[in-house]
Protein chains: 2
Amino acid sequence: MLPMQPGKLTENTIRSSGHHITPQRLVILDVLKGSNGHASADEIHSHVRSRCPKLHISTIYRALDMLKRLGLVTETALGDGKLRYHLHVKGYHHHLICEKCGRVEEMDEATFTPLKAALKRKHRFHADLRHLAIFGRCQACA
Amino acid sequence: MLPMQPGKLTENTIRSSGHHITPQRLVILDVLKGSNGHASADEIHSHVRSRCPKLHISTIYRALDMLKRLGLVTETALGDGKLRYHLHVKGYHHHLICEKCGRVEEMDEATFTPLKAALKRKHRFHADLRHLAIFGRCQACA
DNA sequence: TGCAAAGATGAAACTATTTGCAACTCCATG
DNA sequence: CATGGAGTTGCAAATAGTTTCATCTTTGCA
């Protein structure tokens, strides 16, 4: 059995949720895949320009919003007045953001399992812990 | 020994951090104190108008930014395109936000103590868990 | 295939938030 | 209790992000 390409997996998720695969979205996804960090809408826009000059920034915001709803993209406010976007291709993860140096560390879900259970038990709340950004101080800045 | 008024405590924090107490800020703080939920900058502005018609909305944004830095106010994105602000007068708390009905439940810090310890132990990260908004489904919408 | 409906796009208008600046106010200090 | 400098304010303009709408595309299905 061949492994499914990450691109195809993403496209299937989009399609099976009733959304369309469009050339614009493919370019946006490709830019997101290439950006190894957290890109702002504006940064995505300028990267996209060369390949698709008429692609309007509102299309980017709408694409990001859809991807966010589907859990394929994380939106994070890193404190500089812009929202940043990050593609989930290899499962979910969370962000530890240093308030001082701005470094972003990624971590897996496991640490949150007890919290998730506690929220369900104590508050009867079913937490969707895919989008978590936790602020604080990293080891170096503590 | 008399208990310190909450207002005075807040004012001392502001003053001792090198910021000024101004009539504008007193009105803004008063509105925040009165708003029992999560007020947007615009909502604060319209409440403030009656008492201080010339108070500009950028002054509100700047006051909120200062209060946020001092840890006196929490800024939360509830997903409606506006940021919401909440005054911390009685200790910190967190938000459980239902993705379906939009209901916001507040919860205390205690549930996060094990998570905080785990982050420090496993990632050497000193989490500042005062700003947490957790999305998911509430009991009714689960 | 070919079509209709659901969904997406670009453009412009609109709302939300931030910033630059000159004038003004607070308050620690003398 | 006057003063100077740091901090604030109001305004205008800039930057971010959202929404409306007419037009165009994608996709499931006949």
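Excluded from the calculations below are hydrogen atoms, water molecules and symmetry mates; all remaining heavy atoms, backbone and side chain alike, are included.
Rounding to whole angstrom units, CD1 of residue I14(A) and P of dA8(C) are separated by 10 Å. Between the P atom of dT25(D) and the CG atom of L26(A) lies a distance of 16 Å, rounded to the nearest Å. The distance from atom NZ of K82(A) to atom C1' of dA16(C) is 16 Å, rounded to the nearest whole Å. Regarding H56(B), its NE2 atom lies at a distance of 14 Å from the C1' atom of dC21(C), rounded to whole Å.
Among the atoms of the strands shown, none is found under 4.0 Å from any heavy atom of I57(B). Here P23(B) lies in heavy-atom contact (under 4.0 Å) with sugar-phosphate atoms only. Within 4.0 Å (heavy atoms only), S40(A) reaches no atom of the nucleic acid at all.
For the atom pair NE2 of H45(B) and SG of C52(B), the computed distance is 9.0 Å after rounding to the nearest 0.5 Å.
Residue side chain R62(A) reaches the base of dG10(C) through a donor-acceptor N/O pair under 3.5 Å, judged by distance alone.
The phosphate of dT18(C) (OP1 or OP2) has no side-chain N or O of Y61(B) nearer than 4.0 angstrom. The phosphate of dG28(D) (OP1 or OP2) has no side-chain N or O of R15(A) nearer than 4.0 angstrom. Contact annotation: Q24(A) side-chain N/O to dT25(D) OP1/OP2 distance is not under 4.0 Å. In this structure, T22(B) reaches the dT9(D) phosphate: one of its side-chain N or O atoms is under 4.0 Å from OP1 or OP2.
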**CA sep, side-chain torsions, deciding dist, call: D65(B), K68(B), salt bridge (Lys or Arg N to Asp or Glu O under 4.0 Å)** = CA-CA 5 Å; D65(B) 187 61; K68(B) 193 172 63 181; 3.4 Å; yes

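Side chains of L29(A) and L67(A) form a contact here, defined as non-hydrogen atoms less than 4.5 Å apart. For the pair T10(B)/L70(B), no side-chain contact is recorded, criterion being any heavy-atom separation below 4.5 Å from C-beta on. At least one side-chain heavy atom of H123(A) sits under 4.5 Å from a side-chain heavy atom of M107(B).
Surrounding NE2 of H47(A) are at most 12 heavy atoms belonging to other residues, nucleotides or ligands under 6.0 Å away.
Helix-axis bend for the helix from dT1(C)-dA30(D) to dG30(C)-dC1(D): the local axis fitted to the five terminal pairs at one end deviates from that at the other end by 40°, rounded to 10°.
Here the nucleotide nearest the side chain of S58(B), chosen from dT17(C), dT18(C), dA28(C), is dT18(C).
In this model, no donor atom of one side chain and acceptor atom of the other lie less than 3.5 Å apart for H20(B) and T22(B).
DNA chain D is contacted by both T59(B) and H19(A); T59(B) maps to the nucleotide lying nearer its 5′ end (nearest heavy atom per residue).
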